[in-house]
> 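Below you will find the structure I want to go over with you.
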Number of protein chains: 2
Amino acid sequence: MDRAISVKLSPALKASCHTCSLSNLCLPLAVEENQLDQLEDIVEQGRIYDRGDHLFDQDTPFRSCLAVRSGAVKTSIITENGSEQVTGFFLPGELVGLDSLSGERYACTAKALERTSVCKFPIEKLEELTSAMPELQHHMYQLMSREIQGSHQLAMLLSKNSAEERIAALLLSLSSRFQRRRMSGTKFNLPMARSDIANFLGLAVETVSRVFTRFQNQGIIRTQGREVELLDIESLRGVMPDFDRQSPPSPR
Amino acid sequence: MDRAISVKLSPALKASCHTCSLSNLCLPLAVEENQLDQLEDIVEQGRIYDRGDHLFDQDTPFRSCLAVRSGAVKTSIITENGSEQVTGFFLPGELVGLDSLSGERYACTAKALERTSVCKFPIEKLEELTSAMPELQHHMYQLMSREIQGSHQLAMLLSKNSAEERIAALLLSLSSRFQRRRMSGTKFNLPMARSDIANFLGLAVETVSRVFTRFQNQGIIRTQGREVELLDIESLRGVMPDFDRQSPPSPR
DNA sequence: CTACAAGCTTGATATGAATCAATCTGGGTA
DNA sequence: TACCCAGATTGATTCATATCAAGCTTGTAG
């Protein structure tokens, strides 16, 4: 799959965590400068995926966790009868595949929502490295634990909150995650379709659409297709009084 | 908190993983016989909790993960405005607190549903040990990953399935978990109140009650208070066509 | 430039489960 | 023993959101 055409090309395939702009969000976060080489040694530069491409498929052999470098990814589970549940959206610096560490096969399918590049961390090598680097192990525990918390928040959202509250929570989560990535937290493009939002939040597409227009009429947001502007973040927080500012509904 | 009355008593406080009947479900599962001593060295025997006692409270300093020895535990998150979301039920051999590894404080409250005893794994020591024992580290990753998957299954259940389907899924999950513990998978006592079930599954208590009686009228189950007998497991699976036999909605 | 399809919005109606309101039951206790 | 109270059940009504059914927009391939 990777174009390992010649030995000469292979250095280009290696990612440089040293120079990566995401090093304060991604795994390097937990690694000392002088140990960063060890992390670089195990990272594989993944290919570029176009919108709609699958990064990996549910039930195929589990090889690597992926860190999003650029673009955006959605993960979803598909059941026997074909119904889909979107389980998360991932932005640059976030690690995809933590739910698959328990088996031989991927527990979900990961799909690029836009043109996306990734870094791959082969699981055996990653486990070896975390054994050797307690800090990194600790960080992995943290990431996984946060993903559990995120799922619990999502479950809470799904079982206790109205359509408006769920959508407000999602917008706020995206907002803070974009902001942490030094992008605007008030004006951004939704990487996902309305139907993905609906599926993720357990709503019908029509409901999502209606809530968006309702928010727009109330002057809380402005939307134009996938472009969103949060005009009144406080009102948005007001819609969703329970929203824990620290824990977005999907993993960071 | 622990009654460390005299030096003489302290050996009694130490758990013996060697002789524990849950060793094939709990952490010892991942540890070689000859290394079990190292695990025993870090385990603390917890006290006995009565029904309703808190094993730990949300936002208090995070010290240990707890393995249920006997009894049953429910975990829940409580938001500022006081609303509760039950996030899981834990049976003997299951590890409570994995969602709290990411912070200084417990992310949820754990409450004994009946008379319960536990083993405590202090987190610093556990991390040290998993660094030293790749097998154990691997197992921790597995457990956490499964908990993520479980949460995703729960989210799916909440967003896609009807009240009947959710309850069927819970009963089937409990059934298979009891069975793995060598108890009857067809006749057991629900450790939790109807209101806990309702909260966990995002339903009103009344709805839970109604579904139970409907199932009973259909001859699928028989209930008497908290006692449940699954009379027709196949029908129960039929109610819930999507139910993944391998992954119960709450962590194992 | 046009046309088509996919995605999005809007409106009308149906419905599953919440809510409100009693009543019942059983286990613990005075 | 009888009482009490929390938990559980049952019934009547309401409501938020799904579903069904058109239109509308937009990006893109020809």
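What you see is a predicted model, and the numbers here were worked out from it, not measured in a lab. Proteins get letters first, then strands, A, B, ... in listed order; numbering begins at 1 in each.
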> Has Arg194(A) got its NZ or CZ under 6.0 Å from the middle of the six-membered ring of Phe212(A), at an angle within 45 degrees of the ring axis?
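Yes, Arg194(A) sits over the ring of Phe212(A).
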
> Closer than 4.0 angstrom, basic N to acidic O: yes or no for Asp196(A) and Lys74(A)?
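Salt bridge present between Asp196(A) and Lys74(A).
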
> Measure the spacing between OG1 of Thr186(B) and CG of Asp232(B) and express it to the nearest 0.5 Å.
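Going from OG1 on Thr186(B) over to CG on Asp232(B), the span is 12.0 Å.
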
> Please report the distance, rounded to the nearest Å, between CZ in Phe212(A) and P in dT25(D).
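For the pair Phe212(A) CZ and dT25(D) P, the rounded distance is 19 Å.
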
> Look at the side chain of Ser162(A) and decide which nucleotide, out of dT26(D), dA8(D), dT17(D), has an atom nearest to it.
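Of dT26(D), dA8(D), dT17(D), dT17(D) is nearest to the side chain of Ser162(A).
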
> I need the CZ-P distance between Arg210(A) and dA18(D), as an integer number of Å.
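These atoms are roughly 9 Å apart.
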
> Shoot me the first and last contacting nucleotide of DNA chain C against chain A, ordered 5' to 3', at under 4.0 angstrom to non-hydrogen atoms.
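Reading along DNA chain C, I get dC8(C) to dA12(C).
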
> Quick one: sort the Phe62(A) and Tyr106(A) rings into parallel, tilted or perpendicular, breaks at 30° and 60°.
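Perpendicular: the ring planes of Phe62(A) and Tyr106(A) meet at over 60°.
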
> Over how many whole Å does the gap from Asp196(B) atom CG to dA6(D) atom C1' extend?
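Value for this atom pair: 13 Å.
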
> For Leu158(A) and dT17(D), what is the distance between atoms CG and P respectively, to the nearest whole Å?
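Between P of dT17(D) and CG of Leu158(A): 12 Å.
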
> Any salt bridge linking Glu94(A) with Arg181(A)? Criterion: basic side-chain nitrogen under 4.0 Å from a carboxylate oxygen.
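Judged by the 4.0 Å cut-off on N to carboxylate O distance, Glu94(A) and Arg181(A) do form a salt bridge.
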
> In terms of the nearest nucleotide of DNA chain C, which residue is placed more toward the 5' end: Thr223(A) or Arg166(B)?
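Closest to the 5' end, via its nearest nucleotide, is Thr223(A).
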
> Establish, from distance only, whether the side-chain atoms of Gln149(B) and Ser102(A) form a donor-acceptor pair under 3.5 Å.
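Yes, because at least one side-chain N or O of Gln149(B) sits under 3.5 Å from a partner of the opposite role on Ser102(A).
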
> Are any of Thr213(B)'s side-chain N or O atoms less than 4.0 Å away from OP1 or OP2 of dT10(D)?
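Yes, within the criterion.
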
> Between dA8(D), dT26(D), dT17(D), spot the one nearest the side chain of Arg194(B), thanks.
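Out of dA8(D), dT26(D), dT17(D), the nucleotide with an atom closest to Arg194(B)'s side chain is dA8(D).
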
> Could you check how far CD of Glu206(A) sits from P of dT17(D), rounded to whole Å?
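My rounded result for the distance is 14 Å.
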
> Just the rounded figure in Å: distance from P of dT17(D) to CD of Glu164(A).
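In whole Å, dT17(D) P lies 8 Å from Glu164(A) CD.
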
